[in-house]
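Inspection log for the structure reproduced underneath, given as structure tokens.
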Number of protein chains: 2
Amino acid sequence: MEKRADQQQALLLLYPALRTLPASQLAALCQAATPLQLPTSREVFAEGQTCKGFPLILHGTIKVVKISAGGREILLYRVPAGDSCVITSSCLLAGSPYSARGIAETPVSLLLLPIAVFEELVATSRPFRDFVFRLFAERIAELMQLVEEVAFHRLDQRLAKLLLARGDAIYCTHQALAEELGSVREIVSRLLKNFAAAGFVSLAREQIVVVDRAGLRQLADAGR
Amino acid sequence: MEKRADQQQALLLLYPALRTLPASQLAALCQAATPLQLPTSREVFAEGQTCKGFPLILHGTIKVVKISAGGREILLYRVPAGDSCVITSSCLLAGSPYSARGIAETPVSLLLLPIAVFEELVATSRPFRDFVFRLFAERIAELMQLVEEVAFHRLDQRLAKLLLARGDAIYCTHQALAEELGSVREIVSRLLKNFAAAGFVSLAREQIVVVDRAGLRQLADAGR
DNA sequence: CGATGTATGTAACCGTGGTCACAGAGGGTA
DNA sequence: TACCCTCTGTGACCACGGTTACATACATCG
């Protein structure tokens, strides 16, 4: 099978933790895993749902969000290729249901490892175990940081930081930025207008160009 | 050593995950661990610090908080006896520094496991591994919930929820409640006054008695 | 070309919650 | 008793950000 061999290659490139596995175990793993393709905007998992396996993401990114009663949305974190969605791991390991929604931000292809396979890997492979722990640790640190920002930082600072993290030319709608921040479109538009007036960015339809990174940086870091 | 035997007893009671260890390994573990006593308000770890070991808490509770530039504080979670501070685990496993502060809320006694011992336990003991994973999973779920609440819920709702979780008679200052919520004393006082006016609670110095749980509940759950 | 849908600009309005500045009140100690 | 310290009450004030309600711009498609 050409296809399957390619898949193994891709897997090893993205997940160095799997490189130390004996070839037989790797083959067994690929055998047992379910490959899945998800279109953009497809819901990967819903809040309150129990979970089916441990996903290894090969292409694309998944966003994990909380949605408020009023329909507002906030991004908790992203899961890019090479990572796995720890919220899923959470469920696997604690047996608790999901507490957020996962949505494919791009077309996504992933391998879904059955729970039994996952548990065996964690038990037998030190690199894989380290990989999983590291994922947990990073998510926890990110989430703690997010709590601090939501609780203590003004929206303009959070928006500035978001823009800085996105590179110099950002192609997305104000609505999308608002959802990432847990706010609403009008406010993001207003703040962006201020940024433009201050010469930090220039605006066009579905496009924000960062002109003065230093200025934005200073705003984002004000009072820390 | 009487003392050491007692310690092992306490450990097994609080940490069922350790019960399956062979006696020899358990003894070695207790041998290698450093017992620590911390007074109330002692800082257990600071933000940005790298970490010394994996703590098993025998008595008391530790609170983990973020502190804003302006000195305001928000509680991320508590670590009671029988748990371990996963933020520490995080650091252990990811090698990253702490991203929050830990403070003893009561007098605390704990055993600090050296990293090597912790890693061996995780590698060899399925119950211990499950225990650690479960801690991670629970913290992540809690933190996601916290993000949602801070981002989308009004302070009166969050305060109501906090009171409900604390039982019928709550002995603490408004300042302490404010710090738990990431707010300030004046606002908590104002909201409590409203609660009292609505007949939900009765107030005295360092004391809040919940009179109408149903009323508080309804407020806390409004719009979900 | 006009029509429709999506993204953006923008103004008026106001509720929540944070800041500041005090005034009392309760409780312990000299 | 007088003193002091902590906790609480309270009012004025205001900034941030969310809501509502439109008006425009821009793009795609029939």
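A, B, ... follow the sequence lines: proteins, then strands. Residue 1 opens every chain.
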Whole-Å gap separating [atom2] ([N]) and [atom1] ([X]):
X: B/R185; N: D/dT6; atom1: CZ; atom2: C1'; answer: 11 Å
X: A/D156; N: D/dC16; atom1: CG; atom2: C1'; answer: 9 Å
X: B/N194; N: D/dG11; atom1: CG; atom2: P; answer: 12 Å
X: A/F152; N: D/dC16; atom1: CZ; atom2: C1'; answer: 16 Å
X: A/K193; N: D/dA25; atom1: NZ; atom2: C1'; answer: 16 Å
X: B/I187; N: D/dG9; atom1: CD1; atom2: C1'; answer: 13 Å
X: B/H153; N: D/dG18; atom1: NE2; atom2: P; answer: 15 Å
X: B/Q175; N: D/dG9; atom1: CD; atom2: P; answer: 14 Å

N/O (side chain, [X]) to phosphate O (OP1/OP2, [N]) under 4.0 Å:
X: B/H174; N: D/dT8; answer: yes
X: A/R72; N: D/dG18; answer: yes
X: A/S183; N: D/dG18; answer: yes

Counting the atoms with a prime plus P, OP1 and OP2 as sugar-phosphate, which does [X] contact under 4.0 Å by heavy atoms, base, sugar-phosphate, or nothing?
X: A/E186; answer: base
X: A/L155; answer: sugar-phosphate
X: A/R190; answer: base
X: B/R154; answer: sugar-phosphate

Which class fits the ring pair A/F133 and B/F133: parallel under 30°, tilted 30 to 60°, perpendicular over 60°? parallel
Do you see a donor-acceptor pair shorter than 3.5 Å between the side chains of B/E105 and B/T61? yes
Compare all side-chain heavy atoms of B/Y171 with those of B/I208 and state whether any distance is below 4.5 angstrom. no
Do the side chains of A/F54 and A/L111 get nearer than 4.5 Å, heavy atoms only? no
Could you say whether A/A151 or A/C172 is positioned toward the 5' end of DNA chain C, judged by the nucleotide with the nearest heavy atom to each? A/C172
From the 5' end of DNA chain C to its 3' end, which nucleotides mark the outer limits of contact with chain B, defined by a 4.0 Å heavy-atom distance cut-off (strictly under)? C/dT16 to C/dG27
Looking at A/D83 and A/R139, is there a salt bridge between them, counting it only when a charged N and a carboxylate O are closer than 4.0 Å? yes
May I ask you to say whether A/E180 pairs ionically with A/R158, meaning some side-chain N is under 4.0 Å from a carboxylate O? no
Please determine whether side-chain contact (heavy atoms from CB on, under 4.5 Å) holds for the pair A/L163 and A/F200, giving the CA-CA distance in whole Å, both sets of side-chain angles, and the decisive distance to 0.1 Å. CA-CA 10 Å; A/L163 295 180; A/F200 296 156; over 6 Å; no
